[in-house]
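The block underneath contains the structure these notes are about, expressed in structure tokens.
Along the sequence shown, residues are numbered consecutively beginning with 1. These values consider heavy atoms only, across backbone and side chains, with no hydrogens, waters or symmetry-generated copies.
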Amino acid sequence: MAGHSKWANIKRQKAVVDAKKSKTFTQLSRAIIVAARSGVPDPAGNFQLRTAIDKAKAAGIPNDNIERAIAKGAGTFSDNASFEAIRYEGYGPGGVAILIEAFTDNRNRTAADLRVAFSKNGGNLGETGCVSWIFEQKGVCVVQEVVDEDQLLEASLEGSAESYEMTEDEIAEVFTEVANLENLNQTLKDKGFQVTDAELRWIPSNSVEVTDPDQARSLLKLIDTLEGLDDVQNVTSNFEMAEHLMAMSIV
């Protein structure tokens with residue numbers, strides 16, 4: 001958990017993210033489709049959809065695109081594309097477990113793209129179930145500008161959180177059961193905390209420490225490559241790595 005969180009934080013600090021890249025638009029639009037399909041196509045009654053829309057708006061996606069994505073998820077707009085959510089599993093350099101959530105209209109294309117990404121970066125795409133047993137899905141709220149951990153702890157307990165982790169100065173991740181994410185999110189906001197993200201995440205039950213610089217570089221390049229694929233929504237892994245290796249391995 002900590003390794004992947006720190007890697008995400010380092011990327012946020014050191015990389016300038018161009019939110020207008022077409023792949024980002026595609027990924028965020030598909031997240032809206034998934035959310036609208038999995039619940040009511042009304043953000044007022046669908047927390048996952050509301051969160052996906054907020055992320056899309058923050059990235060500058062036009063309202064017309066957002067409405068079209070909602071309609072696709074609801075089945076009221078058709079472009080002859082039939083999308084499905086699918087999970088892939090594999091191993092990275094050093095035996096690191098990698099779980100990939102994708103949303104695709106062509107399983108063969110997605111599997112081929114993933115296989116190439118793994119093989120070029122010292123890993124291999126595995127069979128269903130090979131690593132998923134390591135992970136458990138949790139709700140996560142990312143909270144910024146945390147100046148008093150005692151207040152955060154109190155608010156987290158009131159929101160029925162299970163734990164929290166300070167990932168960097170004044171930034172925390174608060175963990176809860178999947179069904180309690182909306183309640184936790186609202187409780188933290190009601191207590192005056194700045195929640196910048198509320199999402200479902202796969203949390204590993206064990207970790208693999210990566211200490212070899214070449215393996216570290218290959219692993220982080222693999223994760224970046226996977227995250228850059230249009231069909232991929234989320235990539236989770238169970239590595240632990242010293243921060244100087246993460247920073248040195250940014251590509």
Side-chain angles (χ1 to χ4, degrees), residues 1-19 21-24 26-28 30-31 55 59 85-104 109-128 130-138 140 142 165 167-168 171 173 197 199-251:
M1 177 166 57
H4 195 268
S5 296
K6 289 176 183 175
W7 170 233
N9 290 333
I10 286 177
K11 285 198 298 181
R12 278 199 297 269
Q13 293 168 359
K14 296 180 179 294
V16 177
V17 178
D18 181 3
K21 287 182 179 178
S22 61
K23 68 179 182 183
T24 303
T26 300
Q27 289 169 329
L28 291 172
R30 290 184 183 180
K55 290 181 180 179
I86 185 169
R87 204 163 64 219
Y88 295 90
E89 306 171 35
Y91 294 95
V96 170
I98 298 179
L99 195 67
I100 303 152
E101 293 174 286
F103 192 56
T104 179
R109 179 195 65 227
T110 304
D113 289 345
L114 293 174
R115 195 169 287 110
V116 168
F118 273 99
S119 64
K120 285 187 174 181
N121 294 285
N124 63 283
L125 187 64
E127 299 294 328
T128 300
C130 67
V131 302
S132 58
W133 59 273
I134 296 173
F135 298 88
E136 181 181 7
Q137 196 171 41
K138 295 290 183 181
V140 185
V142 179
E165 176 186 351
T167 57
E168 58 181 293
I171 297 180
E173 293 183 338
D197 201 1
E199 63 182 7
L200 300 180
R201 191 185 302 173
W202 292 96
I203 307 299
S205 60
N206 61 51
S207 62
V208 173
E209 186 174 8
V210 178
T211 58
D212 180 83
D214 290 335
Q215 282 190 347
R217 191 173 293 108
S218 294
L219 173 62
L220 298 180
K221 184 178 179 183
L222 169 60
I223 292 174
D224 266 347
T225 301
L226 293 171
E227 289 179 337
L229 296 174
D230 279 348
D231 294 339
V232 171
Q233 293 294 305
N234 295 294
V235 179
T236 307
S237 57
N238 72 333
F239 72 87
E240 288 285 351
M241 185 186 299
E243 291 193 31
H244 75 275
L245 283 180
M246 296 187 198
M248 185 177 65
S249 299
I250 288 181
V251 293

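Ala59 and Leu28 get closest at one heavy-atom pair: CB-CD1, 3.4 Å. Residues Glu89 and Val131 approach most closely at OE1-N, 2.8 Å, considering heavy atoms. Here the closest non-hydrogen pair linking Asn238 and Pro204 is CB-CB, 3.5 Å. Across all their heavy atoms, Ala117 and Leu226 have their closest contact at CB-CD2, 3.8 Å. Contact between Gly95 and Val208 at its shortest, heavy atoms only, is O-CG2, 4.1 Å.
Judged as a side chain to side chain contact (heavy atoms under 4.5 Å, CB included), and not counting sequence neighbours, the contacts of Ile86 are Tyr88, Ala102, Thr104, Arg107. In terms of the side chain to side chain contact (heavy atoms under 4.5 Å, CB included) criterion, residue partners of Phe103 (sequence neighbours excluded) are, by chain and number, Arg30, Ile33, Val34, Arg37, Phe83, Ala85, Gln233. For Gln215, the side chain to side chain contact (heavy atoms under 4.5 Å, CB included) partners two or more places apart in sequence, or in a different chain, are Pro93, Val210, Asp212. In terms of the side chain to side chain contact (heavy atoms under 4.5 Å, CB included) criterion, residue partners of Gln137 (sequence neighbours excluded) are, by chain and number, Glu101, Val178, Leu200, Trp202. Applying the ring-ring contact (aromatic ring centres under 6.0 Å, His included) criterion to Phe135, with sequence neighbours excluded, gives no partner residue.
Side-chain atoms of Ser218 do not come within 3.5 Å of backbone N or O of Asn121 as any donor-acceptor pair. Judged purely by atom type and a 3.5 angstrom limit, Gln27 uses its side chain to pair as donor or acceptor with the backbone of Leu229.
Between Leu219 and Ile98, the closest side-chain pair of non-hydrogen atoms falls below 4.5 Å. At least one side-chain heavy atom of Ile100 sits less than 4.5 Å from a side-chain heavy atom of Phe118. With a 4.5 Å cut-off on side-chain heavy atoms, Arg87 and Thr128 do not count as touching.
Screening residues 112-127 for salt bridge (Lys or Arg N to Asp or Glu O under 4.0 Å) gives no qualifying pairs among residues at least two apart or on separate chains.
Asp224 and Lys221 are not joined by a salt bridge, as no carboxylate oxygen comes within less than 4.0 angstrom of a charged side-chain nitrogen.
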